[in-house]
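First listed ligand is number 1; within each ligand, the first listed atom is number 1. Only this structure's heavy atoms are used, side chains among them; waters, hydrogens and symmetry mates stay out. What you see is a predicted model; the values in this text were computed from it and never measured.
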Amino acid sequence: MKQKTVFCCSDCGFETPNWGGRCPSCGAWNTLVEVKTEKTSSRRSSDYKPRAAAKSSKLLSEIGGEEELRFKTDIPEFDRVLGGGAVKGSVILVGGAPGIGKSTLLLQMCGCVSRYNSVLYVSGEESERQLKMRADRLGIDGSNISIYTGTDVDRIISTFDEVSPEIVVIDSIQTVYDSEVSSAAGSPAQIRESTLKLIRYSKDNSVTIFIVGHITKEGTIAGPKILEHMVDCVLYFEGERNTSFRILRAVKNRFGSTNEIGVFEMLEKGLESVENPSEMLLSGRPADSSGTCVACIVEGTRPIMAEIQALVSKAPYNPSRRMNGIDYNRASMLIAVLDKRGNLPVSGCDVYINVIGGLSLDDPAADLSTVLAIASSYKDEPVDSTLAALGEVGLSGEIRNISNLDQRLGEIRRLGFKKCIIPKHSKINVSAFEGLEIVRAGTLREALRAASL
Ligand code: TYD
Ligand code: MG
């Protein structure tokens, strides 16, 4: 068989016989890597011929709808992200940083679904013994879960034929290789060809496949970009590794909305669904201590309470800043606005900001709480613990309108807060939030006054 050298773009998977600094297809720089492939006639994925007899087109209305297409994974937060359970015969890609809990989540899911379905867990990363130890620790009954530890995609597929599973987990796609492609496991060409084979099997046999994908340092799933186009759902599992809070986010879902997030906590006995994340995040809040204020951010369609803490101290030398969970530039801007418009000389101080629970704030509605937490620490006066604040802070110190205000206020009231500062020109029906005192503020100074700072 003749060996051929091609250059393959690690971003889009484009192949070209000539090396160049820039991918001719997607335009990315320095992404072409040398790949040795064997020249064969029948192995290209583009030559794919369906196994069934050639089909002609049909009228949409003639196609029989299947009643119960979905099955529940029985992990409430996972089902929520999938849009009410996984669709039979779909292919779901789960990406996330190493150690975040992808294998744990999927093994727990196997434990739940294996009560009613036959399940196959394919691992190229852990040995049988390691999987067994983990399953024991998670309290999973393995009587209906088959384990296969191999990485050759054709062998994996022949195991499918032996076991005839309804649900399969592939952990991870970067370890799977196709012996017909001669580049190394984990290369874009390997990932693409192996995934295509798995997808083909899934569609032909109506098997649901969950595929674990590693992510690159840029935070996207490693492999050709087309990987995300090939599968039905793409989920990202996120969180700070040293906190127990985890968020599962859908970035693509052919069978549901991508607005949902699932919240989990990593405990000794694995991942636990958190149906009330706000309560968890606010538990353990210090009473009467300065430098803390609460906001309500919206993640997907869910309002979540976020506690923001600040520590401000006089800087003997150059002021230093550390931000955890909030964008450094945004926080620097808020510090400057507080200095200039709020008349608090915080620019010359050391400022440390931390968002509790490993949440990351990219919702501008949290601006006002951040500013209040900084002011509270500077003055060493606590913000009332039953007060929350919502609003985007502009450069001239104005408090600007934010989205989803009703939803946020609903959550704030549900958690027993007594008072909330909101932007002056918000349109809301105050009577709908009985028991919650709503104070409008148009400028930073008005907001500071409303918080007695
Ligand atoms: P893992 O699922 O192996 O991560 P991934 O597959 O995404 O690389 O999770 C590993 C981490 O989870 C590990 O650092 C320990 C932690 N963990 C727990 O805290 N509790 C548990 O019950 C388990 C199984 C793991
Ligand atoms: Mg793993």
**Q.** Protein residue, atom and distance nearest to atom 6 (O) of ligand 1, heavy-atom basis
**A.** S103 OG, 2.6 Å

Q: With the side chain counted from C-beta on, respond yes when L82 and L235 share a heavy-atom pair under 4.5 Å apart, and no when they do not.
A: yes

**Q.** Side-chain donor-acceptor pair present, Y317, D350, cut-off under 3.5 Å
**A.** no

Q: Pull out every atom of ligand 1 sitting under 4.0 Å from any heavy atom of R134, numbered as shown with elements.
A: 1 (P), 2 (O), 3 (O)

Q: Please name all residues satisfying salt bridge (Lys or Arg N to Asp or Glu O under 4.0 Å) with E307, sequence neighbours left out, ordered by chain then number.
A: none

Q) For atom 13 (C) of ligand 1, which protein heavy atom lies nearest, and how many Å away is it? A) G99 O, 4.5 Å

Q: Identify the two heavy atoms, one from Q190 and one from G186, that lie closest to each other, and give their separation to 0.1 Å.
A: CB-N, 4.2 Å

Q) Under 4.0 Å between a Lys/Arg side-chain N and an Asp/Glu carboxylate O for K132 and E126? A) no

**Q.** Winner among Q108, R137, E265 once heavy atoms are compared against atom 23 (C) of ligand 1
**A.** R137

Q) Does A97 reach ligand 1, in the sense of a heavy atom lying below 4.0 Å from it? A) yes

**Q.** Centroid-centroid distance, Y121 to Y148, less than 6.0 Å
**A.** no

(Q) Under 3.5 Å, is there a donor on one side chain and an acceptor on the other for T73 and D79? (A) yes

Q: Please list, chain by chain and in numerical order, all residues satisfying ring pair (Phe, Tyr, Trp, His ring centres under 6.0 Å) with F264, sequence neighbours excluded.
A: F237

Q. Near T104, which atoms of ligand 1 are under 4.0 Å from a heavy atom of that residue?
A. 1 (P), 2 (O), 9 (O), 24 (C), 25 (C)

Q: Flag L267 as yes when one of its N or O atoms lies below 3.5 Å from any N or O atom of ligand 1, and as no otherwise.
A: yes

Q: Have a look at M266, R246, K102 and point out the one with the heavy atom closest to atom 19 (O) of ligand 1.
A: M266

Q | Distance-only donor-acceptor check, side chains T16 and N18, under 3.5 Å | A | no

Q) Under 3.5 Å between some N or O of ligand 1 and some N or O of G101? A) yes

Q: Could you tell me whether some N/O pair between P98 and ligand 1 is separated by less than 3.5 angstrom?
A: no

Q. Quick one: ring pair (Phe, Tyr, Trp, His ring centres under 6.0 Å) partners of F245, sequence neighbours excluded?
A. none

**Q.** Salt bridge present between R302 and E77 (N-O < 4.0 angstrom)
**A.** yes

Q: Give every protein N, O or S atom lying under 2.8 Å from the Mg ion (ligand 2), naming each by residue and atom.
A: S103 OG

Q.
Closer than 4.0 Å to some heavy atom of L138 - which atoms of ligand 1 meet that?
A. 22 (O), 24 (C)

